[in-house]
Each structure stands twice: as C-alpha cells, then as structure tokens.
Protein chains: 2
Amino acid sequence: MDGNVTIKTIAQKTNFSLTTVSRVLNGTSEKYRISRVTQQIVLDEAKKLGYIPNMAAKTLRSNKSHTVGLIVPSLSNPFFSIVASTVSKMLHAQGYVVLMSDSDNNEKEEKKMLQALQAQNLVGLIAIPLGERRNYELLNQGIIPTVFVDRFFPGFNFYSVSTDHYKSSFQLVQYLINRGHQKIACIQGDEKVISNTYRVQGYRDALRASDLKYYYLGGVSFTEEEGYLETKLLLQKKDRATAILALSDTILLGVLKALKEAKIAVPEEISVVSFDNSSYLDYLEVPVTSIAQPITQIAQLAVKLLLEQINDKSKSKREESEQVILLDSSLISRASVLDLRNR
Amino acid sequence: MDGNVTIKTIAQKTNFSLTTVSRVLNGTSEKYRISRVTQQIVLDEAKKLGYIPNMAAKTLRSNKSHTVGLIVPSLSNPFFSIVASTVSKMLHAQGYVVLMSDSDNNEKEEKKMLQALQAQNLVGLIAIPLGERRNYELLNQGIIPTVFVDRFFPGFNFYSVSTDHYKSSFQLVQYLINRGHQKIACIQGDEKVISNTYRVQGYRDALRASDLKYYYLGGVSFTEEEGYLETKLLLQKKDRATAILALSDTILLGVLKALKEAKIAVPEEISVVSFDNSSYLDYLEVPVTSIAQPITQIAQLAVKLLLEQINDKSKSKREESEQVILLDSSLISRASVLDLRNR
DNA sequence: GTGAAAGCGCTAACAT
DNA sequence: ATGTTAGCGCTTTCAC
C-alpha cells in the first residue's frame with residue numbers, strides 16, 4: 001500500500017519464505033516444483049499489495065539489467081527519430097527498457113553519454129555514432145554487445161547496419177547522367193560521418209565512370225543553412241552546374257530556398273535530387289527525386305542482431321562478429337530532374 | 001582491468017576503507033575533510049583501474065536512481081521527437097539518464113510501459129499521455145514527480161505544460177474570418193486527445209463569436225491518409241467550404257494531396273491553414289499559413305518544473321501542484337489564404 | 001516442495 | 001580525517 005511492497009512483505013503476509021516468493025514471482029515455480037496452491041497465494045497477495053519489483057536490486061544481484069542503451073546524434077532529425085522509435089518499440093516488446101541519449105551532434109557530449117551509459121549495467125547498446133571512433137574504443141573492451149546503425153568505424157567487432165550509401169549515391173548520380181547531365185554539383189553534410197563520405201565517393205566515382213570532369217563539392221553540415229549558403233556560392237560560379245545533388249533533405253530545403261530567391265526554375269534551369277525521401281517531398285513546389293532509405297528495416301535488423309548477441313552466451317563467437325550489413329535503398333523518381341537529351 | 005573494478009578493489013589497492021573511497025568518488029571529500037593526498041591517491045587509482053560506478057548498487061542503496069522516464073505517443077512525429085530531444089539533452093546535462101518509451105499511440109502499450117517504468121526507481125517522469133487517464137491513475141499514488149506535456153487530464157496533481165491550443169485555434173479561425181471566410185471546415189485528429197478537443201472548441205467558438213452557421217468537422221486521426229479521405233468527402237458536399245483548417249501538418253499533407261488530385265487551386269479556389277508549422281511548409285507548392293508551437297520552450301519548461309519537484313523534498317508542497325501552464329503560439333502567415341474581401 | 005543464509009556494490013549512521 | 005558495520009531488495013547455492 002505505501003508504495004514499498006517488496007518480496008519480504010509478501011513473504012511475511014503469506015508465511016512463505018523469501019525464496020519461494022521470489023521463485024513464484026519469477027516464473028521459476030515449475031523448475032522448483034512449487035505447488036499450485038502456493039503459487040496462487042503468493043500471486044494473489046502480490047497483486048493485492050500492488051507489488052512492483054525493484055529493478056535495481058535485480059540488476060545488482062544478477063548483474064543483468066534488461067536495459068539497452070541507444071545513442072543518436074539528434075532526435076530532431078527524422079531519420080534518427082524513426083530509428084529510435086522502431087528500436088524502442090521492438091525492445092520494449094522483448095521486455096527491455098531503453099536508455100536514450102541524444103548526443104546533440106557533439107562528440108564531447110557523446111563521450112560523456114557513453115560513460116554514463118556504461119555505469120548502467122547495459123546488456124546491449126545501439127549506436128548511431130558521430131565521427132569520433134575513440135569514443136567507442138573506450139567501450140569496456142567490447143563487453144557490451146553493440147550494433148552500429150547508419151554509421152560505423154572499421155576495425156570494431158560490432159555489427160553495423162546501414163544503407164549502402166555508396167551505391168545509392170552512385171545510382172542517383174548515374175540517374176542524372178543518364179538524363180544528359182554532365183555538370184553535377186554535390187552539397188554534402190558533415191565530412192566526418194562515414195555515410196557522407198560514402199555518398200561523396202559514390203558521387204565522384206559515378207562521374208569518373210562516365211568520364212565527366214566537372215566536379216563541385218561544397219558544404220560542411222547537414223543543415224538547411226548550409227544548403228542555402230552553398231547554393232548561393234554555387235550560383236556565383238560562371239560555369240554553372242545543371243544539377244545539384246543534396247546529400248540530405250535538410251540541405252535540400254536550403255538549396256530550394258536559394259534557388260527560389262535567385263528565381264531559378266526547377267527543373268527547367270537546374271535539376272535537383274536529394275537523399276532521405278521525406279514525406280513532404282511530394283508536396284513541394286516541384287516534387288523532388290530522392291533516395292529512400294529502408295529506415296525501419298535497418299532499425300529492425302539492428303535490434304535483431306543485438307538480441308542475437310545478447311542471447312548468445314558464447315562470447316567467443318562475438319569476438320569475430322565484425323560485419324557490415326548494407327541494405328539497398330530505392331530511388332524515388334519525381335519531377336525535379338530535367339531530361340537534357342530531349343533538347 | 002577485467003571490467004569489474006568496484007570501490008572495494010580501489011580500497012584494497014590503496015589501503016583505504018570503502019567509506020573513504022566512496023566519499024572521494026562522490027565528491028563529498030570536503031564534507032568529511034579527507035586530505036588532498038588521500039583524494040589524489042584514490043582518484044588516481046580509480047582512473048588507472050578504469051573504475052565505473054555501479055548505478056544499480058547506488059540506486060538500491062539510496063533509493064534514488066537519477067533516472068527520469070519519458071513517454072511519448074510516437075517518436076516518428078516531429079513534434080514529439082523535438083520534445084524528446086530537448087528533454088533528453090537538458091536532463092543529461094543535469095546528470096540524469098533518460099528512459100525512453102514510445103507508446104506507439106496504443107493505450108495498452110502505454111499502460112505496460114508505465115508499469116515497466118515504475119519498476120525502475122524513477123526520480124521523475126515526463127509524459128505526453130494518450131487519451132486514457134486511468135493509465136496515469138495507477139501511477140504509484142503520485143509518488144513520482146510527473147509533468148504532462150502537450151496533453152493532460154484534469155484532476156491530477158501534476159504540472160502540465162502545453163501550447164494554448166484553444167486560443168491558437170480561435171485566432172487561426174479568426175484570421176480566416178477577418179479575410180472574409182464564412183464557410184470554414186475543420187479536419188481534426190484523434191478526438192480523445194485533449195489538444196485536439198481544445199482546437200476544435202477554438203474553431204467552434206470562433207465561428208460562434210462571428211455568428212457563422214457553417215460548421216463542418218471531420219477526421220479521426222492525425223494522419224495524412226485521414227486528411228486525404230476527409231478532404232475527398234468534403235469536396236463532395238454541394239455547399240463547399242472556402243477554407244480548410246487542418247489540425248496538424250500530417251493531416252495537411254493529405255488535404256493538399258486530395259486538392260491537387262481534384263485540381264482545386266490553393267488559395268484561389270480554397271484556402272488552407274494548419275497547425276504545427278513544420279519546416280517544409282515554406283517550400284510547399286503554396287506555402288501554408290500555420291500555427292507554430294513553442295516546442296522547445298514547452299520542453300524546457302517541463303524539465304524545469306520536473307527538476308524543481310525532484311529537488312523539492314517537501315512533498316506536501318507537491319500535493320497541491322496541479323497547475324496547467326499554457327504558452328502562446330505564433331501564427332505564421334503565408335500564401336495559402338485568399339482574402340475574399342478584395343473580390 | 002520449501003527455506004536459511006550469503007552476498008551483489010554501494011552509502012550512511014555511528015564510531016574514533 | 002578515516003574506519004566499521006548494517007542493510008537496500010533480490011537471487012541463488014546449499015540444505016532438508
């Protein structure tokens with residue numbers, strides 16, 4: 001009643017021992033052949049008293065917390081929040097509880113959060129890391145099963161799940177090239193994040209594959225402002241690109257703003273494509289062709305791999321589990337690309 | 001080294017007692033006048049050994065977990081994810097850790113999550129509740145300081161922080177009326193959530209205040225599909241509205257889709273306004289006038305109120321803390337409303 | 001089929 | 001300025 005019902009209370013009320021009560025409440029009755037009657041008495045009393053187990057005690061005793069950590073660069077980014085949403089739901093369904101940390105795109109913060117998480121007896125960790133691999137090297141010698149999502153570092157014995165950024169980017173640029181574009185500019189996000197790196201490589205390699213010499217790369221962060229500024233810059237070049245590849249939808253919005261201000265028509269005067277395929281792309285002034293990542297699939301796979309590791313007691317196995325899993329994206333074609341071959 | 005360094009290990013290595021080590025590591029050295037030398041020795045050893053405190057033990061012993069629960073209807077909704085992001089960052093900065101739960105807009109799930117959270121010795125809870133008040137009545141007799149965000153139920157001794165939905169809606173409708181609109185339709189979300197209820201009331205009262213008889217209310221959930229379907233329905237009425245009020249941006253996207261399909265021009269043939277002011281509204285085919293909620297402010301205030309309660313040991317005070325705090329929104333005027341007075 | 005007792009890592013009252 | 005000790009709520013040997 002007074003909010004402090006423990007198994008001891010129940011033991012006293014029912015005149016059974018702590019042990020018996022504990023066993024009943026943990027579903028190990030069968031294993032210890034506790035009589036149906038006893039079970040019922042204990043269960044009834046627990047319900048009547050509104051017993052709520054004390055996780056801290058369980059965790060301390062068993063050294064297993066049923067807690068999974070989740071660290072993301074920023075929840076205000078839809079991509080990450082959908083991952084968080086999916087991960088959270090799946091894990092809760094499995095009886096885990098999720099400790100969420102928003103590293104705010106700040107590596108110092110990320111480090112602090114990782115440390116805080118380590119004190120929580122986590123049974124697992126799902127991380128969308130920032131650019132600093134050392135933050136993850138401190139991770140308790142890989143004692144906590146960890147899965148990287150979207151971004152990763154080579155050389156960790158963790159699973160990583162992400163879109164095949166390189167391939168996606170390559171295909172997207174090829175899509176432009178196939179429509180006659182020869183001068184394609186790219187506005188990137190943060191150079192330190194590996195998904196960005198791969199996208200840029202895909203961009204570069206697609207150009208090379210078609211022997212295109214025009215190469216323009218700008219941008220330093222995945223923000224609307226950057227997209228805006230970089231587009232302003234881009235428009236001042238005498239040799240203007242015929243297409244812009246925005247490496248995220250946030251960047252895209254900035255690009256569109258700058259183009260609108262300069263009264264440059266999309267796609268008549270310049271074509272635009274992006275990564276992310278946000279739901280509003282269909283409703284923009286000109287619907288924008290974009291790469292759709294299989295976000296939910298990625299998150300689901302990450303959780304599955306994590307649970308697998310958690311349930312796999314044989315740690316030896318885990319030692320050699322470095323594995324990067326790349327999922328294909330889909331190119332959603334809309335009206336923002338002009339076919340230059342028809343001119 | 002082996003990942004199981006406790007204060008006992010440090011005590012042995014340094015030949016100090018558990019107490020001393022504990023005190024040094026908890027920053028209570030001053031209070032107990034532990035010598036600088038001792039402090040340094042202990043601190044050095046802790047660092048050398050890579051000591052990580054065991055939170056479960058701390059929590060068990062002190063019955064205070066430094067863990068705050070956060071429960072949201074769905075992280076994939078930008079409004080909620082921004083709240084989550086802000087809350088998480090602020091709380092982490094204060095040394096708290098955040099247990100996140102996505103109730104998936106499902107009251108059964110919400111109940112389960114609330115129960116799971118209760119087992120975690122939470123020191124506080126921030127909740128964006130669904131429609132079921134009973135889920136919160138079970139909340140440990142209000143022993144855990146709780147703050148409702150965005151939505152709330154009357155009769156709880158919790159603080160609630162939200163936008164003044166009624167007023168916002170009233171103003172928005174008045175804005176339409178001022179521009180000569182007399183037939184305004186409203187497409188709502190989930191009737192069970194109080195923010196929706198208030199918005200609908202604001203809509204109704206604004207009409208009444210101007211003696212307008214036209215009243216059209218449709219919709220059952222905050223989704224694009226609903227917005228789409230309801231608009232289809234709406235368009236079949238012989239007496240068509242001159243303006244549509246979409247109670248969320250998700251609904252809005254559906255509305256726009258239906259209008260586009262029907263080739264009805266915005267704002268020439270019909271005006272549209274919405275709630276949420278998502279960042280992409282500026283870039284839509286027709287930028288849409290919308291109500292911007294002070295999301296970050298709301299989240300910040302909620303955290304402040306929570307921390308206040310947590311630090312306020314005098315529970316008596318908390319007993320009478322029911323208080324609903326309403327923040328003003330801003331009306332962001334864009335091109336989606338036609339001024340009928342000029343015709 | 002059930003119970004007694006030890007102990008997980010930590011803190012705090014009570015020493016000195 | 002530092003140490004001893006009890007105990008938070010729970011699980012788990014070991015015992016009968």
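The basis for the numbers below is simple: all heavy atoms, side chains too, and nothing from hydrogens, waters or symmetry mates.
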Q. Can you check ring pair (Phe, Tyr, Trp, His ring centres under 6.0 Å) on A:Tyr159 and A:Phe148, steps first, answer last?
A. CA-CA 6 Å; A:Tyr159 282 105; A:Phe148 280 143; over 10 Å; no
Q: Just call it for B:Asn26: base, sugar-phosphate, or nothing, with non-hydrogen atoms closer than 4.0 Å on any strand.
A: sugar-phosphate
Q.
Taking 4.0 Å as the cut-off, does a side-chain nitrogen or oxygen of B:Thr6 come that near to OP1 or OP2 on C:dG9?
A. no
Q. NA contact type, B:Thr59, heavy-atom cut-off 4.0 Å: base, sugar-phosphate, or nothing?
A. nothing
**Q.** Between C1' of D:dA1 and CD1 of B:Ile41, the distance in whole Å
**A.** 13 Å
Q) When you match A:Lys8 and B:Asn15 each to their closest nucleotide on DNA chain D, which lands nearer the 5' end? A) B:Asn15
Q: Give the nucleotide from the list D:dC10, C:dC10, D:dG3 with an atom nearest to the side chain of A:Pro53.
A: D:dC10
Q: Can you tell me the distance, in whole Å, between the NZ atom of B:Lys58 and the C1' atom of C:dC8?
A: 16 Å
Q.
Checking contacts here: which listed nucleotide (C:dG3, C:dG1, D:dG9) is nearest the side-chain heavy atoms of A:Asn4?
A. D:dG9
Q) Roughly how many Å is it from CD1 in B:Ile34 to C1' in D:dG3, rounded to a whole number? A) 11 Å
Q | Whole-Å distance separating the CD1 atom of A:Ile7 from the C1' atom of C:dT2 | A | 14 Å
**Q.** Nearest-angstrom distance from the residue atom CG of A:Asn54 to P of C:dG9
**A.** 17 Å
Q: Quick one: the dot-bracket string of DNA chain C, using Watson-Crick and G-U wobble pairs with both distances under 3.5 Å, [ ] for crossing pairs and | for bases paired to another strand.
A: ||||||||||||||||
Q: Give the rounded distance in Å between these two atoms: CZ of A:Arg36 and P of C:dG1.
A: 12 Å
Q: Tell me what B:Asn121 touches on the nucleic acid: a base, only sugar-phosphate, or nothing, going by heavy atoms under 4.0 Å.
A: nothing
Q: Compute whether any side-chain donor of one residue and acceptor of the other, for A:Asn135 and A:Lys108, lie under 3.5 angstrom apart.
A: no
(Q) Using 30° and 60° as the class boundaries, would you call the ring planes of A:Phe153 and A:Tyr136 parallel, tilted or perpendicular? (A) tilted
(Q) Going by the rule side chain to side chain contact (heavy atoms under 4.5 Å, CB included), which residues pair with A:Thr38 if we only count those two or more places apart in sequence or in a different chain? (A) A:Phe16, A:Thr20, A:Ile34, A:Ser35, A:Val42
Q | Any side-chain heavy-atom pair of A:Leu138 and A:Lys111 under 4.5 Å | A | yes
Quick one: which protein N/O atoms are closer than 3.5 Å to N/O atoms of nucleotides 12-16 of chain C? Pair and distance per line, please.
{"from": "C:dA12", "atom 1": "N6", "to": "B:Thr19", "atom 2": "OG1", "distance (Å)": "3.2"}
{"from": "C:dA13", "atom 1": "N6", "to": "B:Arg23", "atom 2": "NH2", "distance (Å)": "3.4"}

Q) Is there a donor-acceptor pair closer than 3.5 Å between any side-chain N or O of B:Glu110 and the backbone N or O of B:Leu130? A) yes
Q. What nucleotide, of D:dT2, D:dG9, C:dG1, holds the atom closest to the side chain of A:Ser35?
A. C:dG1
Q: Please report, rounded to the nearest Å, how far the P atom of C:dG3 is from the CZ atom of A:Phe16.
A: 6 Å
Q: Using whole Å, report how far NZ of B:Lys64 lies from P of D:dG9.
A: 17 Å
Q: Give the nucleotide from the list C:dC8, D:dT2, C:dT2 with an atom nearest to the side chain of A:Thr20.
A: C:dT2
Q) Sub-3.5 Å donor-acceptor pair from the side chain of A:Ser85 to the main-chain atoms of A:Ser81, do we have one? A) no
**Q.** Name of the residue among B:Leu122, B:Leu125, B:Leu306, B:Leu307 meeting side chain to side chain contact (heavy atoms under 4.5 Å, CB included) with B:Val68
**A.** B:Leu306
**Q.** Exam field: side chain A:Ser103 to backbone A:Val72, donor-acceptor pair closer than 3.5 Å
**A.** yes
(Q) By nearest atom, which of the nucleotides D:dC8, D:dT4, D:dC10 is closest to the B:Leu60 side chain? (A) D:dC8
(Q) When you measure from the side chain of B:Thr67 to the backbone of B:Ser65, do you find a donor-acceptor pair of N or O atoms at a distance under 3.5 Å? (A) yes
